[in-house]
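Worksheet: the structure to be examined is printed underneath.
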Amino acid sequence: MKIKGLYVHIPFCSIKCPYCDFTSIVLNNNQVYEKYIDALKKELSLYKDFHFNIETIYFGGGTPSVLPPKLIGDLIEFVYKNFKIKENHEITIEANPNTYRYSQFKEIKSFGVNRLSIGNQTFNKKHLVSLGRNHTPEDTINMVNDAVKAGFENISLDLIYGMENQTLKELEEDLNIYTSLPIKHISAYMLTAYEDTPLGSMVLDNKYKLPDEETTTQMFKLIDNYLESNGFYRYELSNWAKKGFECKHNLFYWTDKYFLGIGVSAWSYVDGERFGNTKNLTEYFDMIGKGKKPTKFREILSEEDKRFEKIMLGLRLKEGVNINLIKNKEILKDLQNEGLGKIKENKFSLTQDGLMLINQIVTRLF
Ligand code: SF4
């Protein structure tokens with residue numbers, strides 16, 4: 001099987017948000033950015049013997065839009081020159097609302113970028129502050145308008161829910177603004193207090209209170225029902241899109257396709273093997289400088305591991321999983337009777353209530 005997706009991790013941000021557990025550092029230095037893009041090209045060259053037929057490139061982070069567009073273009077050109085790329089490929093860049101404007105969008109579009117994923121999180125000023133974000137609601141609205149003016153049709157906005165004291169009314173006001181914008185995709189995530197983040201410590205010290213499970217369940221249902229009745233359909237647990245605007249790259253992760261990740265902390269899945277890069281930028285530069293792949297972690301999946309992953313990831317999808325993957329068919333019938341799942345033709349998928357219990361359901365299936 002060929003590698004279809006290329007993920008490029010850009011580990012630089014203009015701030016560090018207190019809830020963030022992604023690998024990123026606060027840095028504004030064009031020389032380091034150039035050195036990093038150069039290292040990414042060298043890393044890619046180390047994989048020339050792999051079989052590629054690239055359908056998607058995804059610049060994630062971090063904040064890829066802290067880079068000058070020309071550097072993004074350099075890397076894309078390098079990929080075009082050296083690897084097999086399928087026609088009609090998708091190239092996504094994640095952008096934070098107070099970075100690119102019209103001229104930068106024009107420029108990255110000319111390099112082939114055709115999808116934007118904007119890290120908005122919320123339009124509520126109070127919650128933007130509590131999330132430690134350094135942008136305003138107007139920044140996002142201006143960014144979306146500039147992107148549309150520059151010719152971007154495929155725009156996604158992130159939404160975070162479950163902040164301290166967030167009400168359902170506030171969430172609904174957010175959704176009202178999201179659905180009034182010319183965007184095609186929304187990714188909605190529940191705020192999570194990861195260990196080793198400032199938010200994690202605040203929650204442990206009772207200085208920040210996350211809502212209880214009943215409230216977050218109500219919030220998820222509100223998001224799902226609101227978006228479904230406003231032209232977006234949920235194709236994955238956390239992702240809603242207008243028809244035809246699903247994120248092709250992320251679908252590769254959930255449907256067991258091969259992808260290569262390059263850059264600090266990036267993960268890959270190729271030939272039944274998962275491997276991940278060092279999370280340390282200095283070590284990354286050092287290994288690349290020595291002509292070595294910056295791989296730090298490696299795991300070969302057994303047939304049973306692969307089956308488990310296919311079920312776990314497939315249940316996140318609207319279309320569900322092939323029932324032949326599940327050995328105990330009786331449980332599927334039980335889940336259907338409990339209103340948690342549906343069997344249609346040869347697929348088993350979760351209902352809205354089932355999705356809320358996805359982890360318990362995966363445990364039951366195994
Ligand atoms: S901007 Fe994004 S990647 Fe950077 S610290 Fe904030 S959440 Fe993390």
Side-chain angles (χ1 to χ4, degrees), residues 6-18 20-48 54 57-83 91-119 132-135 139 143 146-147 150 197-198 260-268 276-296:
L6 176 66
Y7 174 79
V8 183
H9 191 78
I10 305 294
F12 310 117
C13 287
S14 58
I15 48 156
K16 188 75 193 172
C17 307
C20 176
D21 79 329
F22 295 122
T23 302
S24 69
I25 54 167
V26 176
L27 186 92
N28 178 3
N29 183 322
N30 276 343
Q31 270 181 339
V32 179
Y33 296 165
E34 279 168 28
K35 182 174 166 187
Y36 189 70
I37 294 291
D38 204 43
L40 290 172
K41 290 183 199 165
K42 289 187 177 133
E43 185 184 357
L44 258 178
S45 303
L46 299 172
Y47 289 99
K48 273 204 163 154
I54 296 174
I57 305 176
Y58 192 104
F59 287 85
T63 308
S65 62
V66 296
L67 297 185
K70 188 188 157 304
L71 290 182
I72 302 276
D74 273 2
L75 190 72
I76 295 173
E77 257 174 45
F78 182 84
V79 176
Y80 282 161
K81 267 191 204 143
N82 294 285
F83 295 88
I91 306 185
T92 303
I93 178 171
E94 289 180 353
N96 264 359
N98 53 4
T99 54
Y100 288 176
R101 284 294 173 267
Y102 177 74
S103 63
Q104 286 99 341
F105 283 133
K106 270 285 204 211
E107 206 177 337
I108 53 164
K109 193 158 186 302
S110 72
F111 300 129
V113 177
N114 51 23
R115 185 172 182 277
L116 297 176
S117 172
I118 301 177
R133 305 289 297 178
N134 64 349
H135 57 86
D139 286 332
M143 180 175 246
D146 278 3
T197 61
L260 180 73
I262 57 167
V264 177
S265 79
W267 281 90
S268 306
N277 283 351
T278 171
K279 296 185 172 183
N280 181 301
L281 184 61
T282 311
E283 188 177 30
Y284 177 79
F285 281 139
D286 193 46
M287 289 172 90
I288 294 289
K290 290 180 179 146
K292 281 199 216 156
K293 288 180 184 163
T295 312
K296 267 290 189 181

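Just so it is clear, the values below take in all heavy atoms, side chains as well, and ignore hydrogens, waters and symmetry mates. Keep in mind the model is a prediction, meaning the values are calculated, not measured.
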### Query
Any side-chain donor paired with an acceptor under 3.5 Å for N114 and K109?
no
### Message
Consider side-chain contact (heavy atoms from CB on, under 4.5 Å). Of I76, I37, L40, which one does V8 pass it with?
### Response
L40
### Query
Can you tell which of E43, H9, E283, K296 makes a side chain to side chain donor-acceptor pair (under 3.5 Å) with N277?
E43
### Query
At what distance, to the nearest 0.5 angstrom, does CD1 of I57 lie from CZ of R115?
14.0 Å
### Task
Can you label the angle between the Y36 ring and the F12 ring as parallel, tilted or perpendicular, going by 30° and 60°?
perpendicular
### Query
So, does N96 use its side chain to make a donor-acceptor pair with the main chain of N98 at under 3.5 Å?
no
### Task
Using a cut-off of 6.0 Å, state whether more than 12 heavy atoms not belonging to K293 lie near its atom NZ.
yes
### N/O donor-acceptor pair under 3.5 Å between Y100 side chain and D146 backbone
no
### Task
For atom CZ of F285, decide whether the heavy atoms of other residues, nucleotides or ligands shown that lie under 6.0 angstrom number more than 12.
yes
### Whether N82 side chain and F78 backbone form a donor-acceptor pair below 3.5 Å
yes
### Message
side chain to side chain contact (heavy atoms under 4.5 Å, CB included), that's the test. Do L75 and F59 meet it? Break it down for me.
### Response
CA-CA 10 Å; L75 190 72; F59 287 85; 3.7 Å; yes
### Residues that T197 engages under side-chain hydrogen bond (donor to acceptor under 3.5 Å, both in side chains), provided they are two or more places apart
none
### Message
Looking at Y33 and L27, would you say the former's side chain and the latter's main chain have a donor-acceptor pair under 3.5 Å?
### Response
yes
### Query
Counting heavy atoms not belonging to K35, are there more than 12 under 6.0 Å from its NZ?
no
### Query
Got a sec: does the NZ of K41 have more than 12 other heavy atoms crowding it under 6.0 Å?
yes
### Task
Any chance you could measure F22, atom CZ, to E94, atom CD, to the nearest 0.5 Å?
7.0 Å
### With S65 via side-chain hydrogen bond (donor to acceptor under 3.5 Å, both in side chains) - residues at least two apart
T99
### Message
I want to know whether F83 and Y47 have ring centres closer than 6.0 Å.
### Response
no
### Query
To the nearest 0.5 Å, how far apart are CG in L71 and CZ in F111?
9.0 Å
